[in-house]
Amino acid sequence: MATLQPAVAGEADARAAAAASAFLALTPDPALDAAARLVAAYGGAALRLERIAAAAGLDEAQLRARFGCERRLRAALEQRFADGFVARVRQAMDRCRDGDWGGRLRAWVLTAVSAYLEQVALHDALFHDPHTHSKGYDRQAWQDNPVIDQLVELLEGGIAARVWAAPDPRMTAVIFFSAMHGAVDRAIACGDAQTRPAETRHRLVQTLVGHFERNVQWWSRF
């Protein structure tokens, strides 16, 4: 068995520790939680049933009976990542008082940005690493996406309460999600997220909230 090497020397432990916090809002799953730590630390090459069984202290035969193959394991880990993201955001929104739709939108943005920045190694290994995501660009993900579904639910709630207006909540949610994803990616690519994390997160959240709030109010003209 080949020795795994971290994607960037010296960062394996930090990435594994970050991945360990990815699913705190979910019921523990030893197999998938161990898989997340390994993949975050070492990339898609670590997504092997025998490695994960050893890391989780589980019997490999039981793991194979549950998942069957690495492809199904990857799909389960992708789903767990999305479920953890959505649960974390929902917990943040639920701390807002009833009827505070602006607060819920700000909570969505702050928590989504924070979760992405904190889990970028795991996210990239799952969704951008050719070892684990060889099927290439998946256009259907824009339609079948629990994060976007959650944002649609938020927008529709504010619309029903006559706080916001948007003729197409799902299209608006896709635009908002794309903007959040792109803005965080740009901050990572230019190095700001690494060199000035707190300042960068604050700037991202303030900018995105400003755009999103103006957008749903702008639609009220029509």
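Every value quoted in this text rests on a predicted model; they were computed, and no experiment measured them.
Closest approach of Pro169 and Ile159 over heavy atoms only: CG-CD1, 3.7 Å. What you find for Ala107 and Cys96 is that their closest heavy atoms are CB-SG, 4.2 Å. Between Gly44 and Arg48, the shortest heavy-atom distance links the atoms O-NH1, 4.2 Å. Contact record, Val39 with Leu77: CG2-CD2, 4.3 Å, taken as the closest heavy-atom pair. When all heavy atoms of Glu70 and Leu47 are compared, the closest pair comes out as CG-O, 3.0 Å.
In this structure a side-chain-to-backbone donor-acceptor pair under 3.5 Å is missing from Asn215 to His211. Side chain of Gln217 to main chain of Val163: a donor-acceptor pair is present (N/O by atom type, distance under 3.5 Å, no hydrogens or angles).
Salt-bridge annotation for Arg51 and Glu60: absent, with no side-chain N of the basic residue lying under 4.0 Å from a carboxylate O of the acidic one.
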Verdict with supporting geometry, Phe23 and Leu122, side-chain contact (heavy atoms from CB on, under 4.5 Å): CA-CA 12 Å; Phe23 309 134; Leu122 178 58; 4.2 Å; yes
Derivation of the side-chain contact (heavy atoms from CB on, under 4.5 Å) call for Leu105 and Trp101: CA-CA 6 Å; Leu105 179 60; Trp101 295 100; over 6 Å; no
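For the side-chain contact (heavy atoms from CB on, under 4.5 Å) with Ile52, the qualifying choice from Leu73, Leu32, Leu58, Asp33 is Leu73, the only one to do so.
To the nearest 0.5 Å, the span separating CZ on Phe177 from CG on Asn145 amounts to 5.0 Å. Atom CG of Leu117 is separated from atom CD1 of Ile188 by 5.5 Å, given to the nearest 0.5 angstrom. Between Arg90 atom CZ and Glu153 atom CD the span is 4.5 Å, to the nearest 0.5 Å.
Residue pairs that meet the salt bridge (Lys or Arg N to Asp or Glu O under 4.0 Å) test with at least one member in residues 113-123, sequence neighbours left out, are Arg88-Glu118.
Counting only heavy atoms from C-beta outward, the side chains of Met180 and Val109 never approach each other to under 4.5 Å.
Between His123 and Tyr116, the angle of the ring planes lies from 30° to 60°, which puts this pair in the tilted group. The aromatic rings of Trp108 and Phe212 are tilted relative to each other, their planes meeting at an angle between 30° and 60°.
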